K.L.:
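First the structure, which I've put down as structure tokens, then a few questions once you've had a look.
Since this is a predicted model, take the numbers as computed values, not measurements.
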Amino acid sequence: MSNQRSGLGFSASERFVAEIASSVTNPALLKPGYILAGDEIFLYERCRKAVLKAFVPDDLRDFCLSEMDLSESSIFEVLDRARTPSLMAPFQVVIVRNLKPLYTRGAKKDEFAEIDRYFASPNPQALILFVADHIRIPSDPRRMDMEDKTKFERLRETLGEHCSIVELARVDESDAMRWVTATALEQSTKIDPDATHELVDALGSDMMLIASELEKLLLFSFGRGRITLGDVETMVLSAKQRSLYELTDAISLRDRPRALALLHGLINSSEAGEEAAIGHLYMLARTFRQMLVILEKNVRDSRAIWQALWQGFRMPPFAADDLIRQARRYKSRRALTRALRLIARADLELRSSPPDKRIVLERLIFDLASEPKPFATAYTSPQLSFES
């Protein structure tokens with residue numbers, strides 16, 4: 001996939017990827033810490049993969065990569081991990097997710113003082129990557145809402161004093177279309193303008209979905225050198241109607257047998273099989289977040305949904321009525337936030353290299369399609385435990 005893209009988010013991620021690649025031969029270029037700010041998961045994954053490629057060899061992954069969550073670990077534990085040299089690996093990468101607790105529970109004077117102490121003399125053989133995906137940066141930063149501006153300023157005044165901030169702004173429709181056109185050309189394939197527009201519009205400018213579907217289209221059109229509107233309608237739209245929204249429909253109806261059967265269909269239909277698990281979780285998380293907004297803003301018909309959901313966070317037009325109906329099956333915000341917590345924990349477990357990813361997904365779907373049990377844990381795994 002191409003790196004030559006316009007747009008704030010693309011430009012920032014390109015600079016980061018280039019800096020990481022250059023720092024392998026010139027360590028002086030590498031900062032001791034970076035902040036990936038923004039909830040554009042497609043660009044985040046590009047940045048994460050660049051770091052893993054540069055500093056995390058596959059055979060040393062267990063010794064040099066730590067993925068930590070501030071809802072489960074303190075910043076003191078994170079910094080202690082970064083300070084401690086590994087006997088098995090020459091370099092360490094510490095990825096820190098869920099920064100919200102650092103900013104929402106009191107003044108945190110001790111925590112920020114400890115951050116200051118660490119970065120005054122950082123471990124040169126460690127890189128800390130802070131993931132601030134609780135902040136949404138629109139494609140036009142001037143349109144960032146006041147709450148996100150406040151969060152961003154607080155981030156810049158604290159961690160930003162020591163770390164380089166990479167702004168992963170949302171990708172707008174025009175940038176997504178340019179990306180699709182250029183990426184197809186790099187594979188010696190021309191995509192018709194109406195096909196490009198239909199692909200981007202149908203998937204709501206969701207870059208993770210667009211990238212996945214474009215890859216399928218490139219394989220489908222291999223040897224022809226051209227992707228048409230008909231190809232998009234055949235390969236993308238009908239497939240989406242039968243997959244993700246059927247799964248969330250079964251979940252919202254508490255139909256566990258059907259939900260598990262649909263999950264197996266998703267896994268079996270993907271060429272990557274279980275390895276596509278992270279992508280399935282991303283799509284589920286996005287859909288439940290959309291339902292949360294629909295419920296909170298009391299959206300009752302598809303005419304109102306486009307005002308409730310901002311550009312880059314919209315579902316395909318054909319799914320609007322289905323998703324409104326599914327969201328209204330949940331009677332409270334708590335029910336949907338519970339679902340998002342379950343998905344987040346499953347995501348963390350998948351990134352911890354479990355022995356069987358399929359079991360993690362099956363357990364998640366079973367829990368999502370079950371009535372929550374009061375005062376009981378949502379599930380217990382050998383790696384994680386948490387409250388429902």
Side-chain angles (χ1 to χ4, degrees), residues 39 41 44-45 67-73 95-101 104 131 133-134 206 208 243-267 270 274-296 313 315 322-323 326-388:
D39 63 350
I41 189 69
Y44 162 72
E45 287 295 339
E67 302 202 51
M68 307 180 74
D69 189 313
L70 288 188
S71 67
E72 299 171 358
S73 303
I95 299 178
V96 188
R97 301 187 66 91
N98 195 12
L99 298 189
K100 288 180 69 175
T104 56
V131 182
D133 54 4
H134 63 293
D206 184 322
M208 285 290 284
S243 56
L244 173 66
Y245 299 107
E246 287 190 359
L247 175 58
T248 54
D249 183 66
I251 290 171
S252 66
L253 288 169
R254 310 291 187 189
D255 187 344
R256 289 179 298 194
R258 178 171 165 243
L260 289 169
L262 288 165
L263 170 68
H264 294 154
L266 275 174
I267 295 173
S270 170
E274 292 179 19
E275 298 307 312
I278 294 291
H280 296 324
L281 284 191
Y282 163 77
M283 292 169 66
L284 272 175
R286 178 184 174 86
T287 304
F288 274 95
R289 286 176 60 208
Q290 289 169 334
M291 283 196 277
L292 181 59
V293 174
I294 290 169
L295 187 68
E296 289 181 332
F313 190 58
M315 74 288 295
D322 288 342
L323 207 58
Q326 292 171 30
R328 296 187 64 80
R329 290 174 184 153
Y330 293 89
K331 301 306 180 185
S332 68
R333 183 180 189 277
R334 182 178 181 180
L336 287 168
T337 55
R338 169 187 176 268
L340 288 168
R341 286 198 300 272
L342 288 170
I343 296 169
R345 298 314 192 271
D347 178 79
L348 183 60
E349 188 171 1
L350 284 176
R351 295 182 189 278
S352 301
S353 302
D356 192 330
K357 294 179 180 179
R358 181 183 289 259
I359 290 177
V360 175
L361 291 175
E362 288 175 344
R363 185 170 53 226
L364 170 66
I365 298 304
F366 184 88
D367 288 335
L368 287 173
S370 301
E371 291 288 346
K373 297 179 180 180
F375 311 112
T377 55
Y379 70 79
T380 302
S381 79
Q383 301 176 40
L384 300 167
S385 63
F386 52 93
E387 296 181 351
S388 64

K.L.:
Write down the atom of S252, the atom of Y330, and the distance for their closest heavy-atom approach.
P.N.:
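Looks like CA-OH, 3.5 Å.
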K.L.:
Nearest 0.5 Å, please: how far is CE in M208 from CZ in R286?
P.N.:
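If I round to the nearest 0.5 Å, the distance is 10.5 Å.
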K.L.:
State the CD1-CG distance between I251 and L262, to the nearest 0.5 angstrom.
P.N.:
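Result: 9.0 Å between the selected atoms.
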K.L.:
Can you name the salt bridge (Lys or Arg N to Asp or Glu O under 4.0 Å) partners of E362, sequence neighbours left out?
P.N.:
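In terms of salt bridge (Lys or Arg N to Asp or Glu O under 4.0 Å), with neighbours along the sequence ignored, E362 is linked to no residue.
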K.L.:
Given the rule in the side chain to side chain contact (heavy atoms under 4.5 Å, CB included) test, do Y44 and V131 qualify, once you have shown the distances and angles that lead to the verdict?
P.N.:
CA-CA 9 Å; Y44 162 72; V131 182; 3.6 Å; yes
K.L.:
Partners of R258 by salt bridge (Lys or Arg N to Asp or Glu O under 4.0 Å), sequence neighbours excluded?
P.N.:
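Salt bridge (Lys or Arg N to Asp or Glu O under 4.0 Å) list for R258, sorted by chain: D249.
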K.L.:
For A344, which residues count as a side-chain contact (heavy atoms from CB on, under 4.5 Å) partner, sequence neighbours excluded?
P.N.:
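side-chain contact (heavy atoms from CB on, under 4.5 Å) list for A344, sorted by chain: empty.
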K.L.:
State which residues pass side-chain contact (heavy atoms from CB on, under 4.5 Å) with I343; sequence neighbours excluded, sorted by chain then number.
P.N.:
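I343: side-chain contact (heavy atoms from CB on, under 4.5 Å) contacts with L281, L284, A285, F288, L364, L368.
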K.L.:
Any side-chain heavy atom of E72 sitting closer than 4.5 Å to one from L348?
P.N.:
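Yes, side chains in contact.
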K.L.:
Listed by chain and number, what are the side-chain contact (heavy atoms from CB on, under 4.5 Å) partners of R333, not counting sequence neighbours?
P.N.:
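R333 satisfies side-chain contact (heavy atoms from CB on, under 4.5 Å) with L292, E296, T337 once adjacent residues are dropped.
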K.L.:
Measure the CG-CD1 distance between D133 and I41 for me, rounded to the nearest 0.5 Å.
P.N.:
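Reported value, rounded in 0.5 Å steps: 7.0 Å.
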K.L.:
Any heavy-atom pair between the side chains of R338 and R334 that's under 4.5 Å?
P.N.:
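Of all side-chain heavy-atom pairs linking R338 with R334, none is under 4.5 Å.
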K.L.:
Locate the shortest heavy-atom distance separating R289 from L340; write the atom from each residue and the value.
P.N.:
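Smallest heavy-atom distance, with atoms named: CG-CD2, 3.7 Å.
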K.L.:
Starting at OG1 of T287, measure out to CG of D322 and round the result to the nearest 0.5 Å.
P.N.:
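Those atoms lie 11.5 Å apart.
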K.L.:
I'd like to check the salt bridge (Lys or Arg N to Asp or Glu O under 4.0 Å) partners of D347; sequence neighbours left out, ordered by chain and number.
P.N.:
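In terms of salt bridge (Lys or Arg N to Asp or Glu O under 4.0 Å), with neighbours along the sequence ignored, D347 is linked to R351.
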K.L.:
I need the L295 CG to L336 CG distance, nearest 0.5 Å.
P.N.:
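The distance works out to 6.0 Å.
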K.L.:
Sub-3.5 Å donor-acceptor pair from the side chain of Q326 to the main-chain atoms of Y245, do we have one?
P.N.:
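Yes.
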K.L.:
Within this structure, what is the CD-OG distance for the pair E67 and S352, rounded to the nearest 0.5 Å?
P.N.:
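E67 atom CD to S352 atom OG measures 7.0 Å (nearest 0.5 Å).
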K.L.:
Mind checking what makes side-chain contact (heavy atoms from CB on, under 4.5 Å) contact with R328, not counting sequence neighbours?
P.N.:
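By the side-chain contact (heavy atoms from CB on, under 4.5 Å) rule, R328 matches N298, R300, I324.
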K.L.:
Hey, is the main chain of A369 close enough, under 3.5 Å, to the side chain of R254 for a donor-acceptor pair?
P.N.:
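No; judged by distance alone, with no hydrogens or angles, the pair does not exist.
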K.L.:
What residues, two or more places apart in sequence or in another chain, satisfy side chain to side chain donor-acceptor pair (under 3.5 Å) together with Y282?
P.N.:
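So Y282 forms a side chain to side chain donor-acceptor pair (under 3.5 Å) with D206.
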K.L.:
Would a 4.5 Å heavy-atom cut-off, applied to side chains only, mark R363 and E349 as touching?
P.N.:
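They are in contact (side-chain heavy atoms under 4.5 Å apart), so the answer is yes.
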K.L.:
Would you mind reporting whether L263 and R358 have side-chain heavy atoms less than 4.5 Å apart?
P.N.:
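In short, these two side chains do not touch, never coming nearer than 4.5 Å.
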K.L.:
Could you go through R345 and D367, starting from their C-alpha distance and side-chain angles, then the distance that decides it, and tell me whether this counts as salt bridge (Lys or Arg N to Asp or Glu O under 4.0 Å)?
P.N.:
CA-CA 12 Å; R345 298 314 192 271; D367 288 335; over 6 Å; no
K.L.:
State which residues pass side chain to side chain donor-acceptor pair (under 3.5 Å) with N98; sequence neighbours excluded, sorted by chain then number.
P.N.:
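Only D69, S71 meet the side chain to side chain donor-acceptor pair (under 3.5 Å) criterion with N98.
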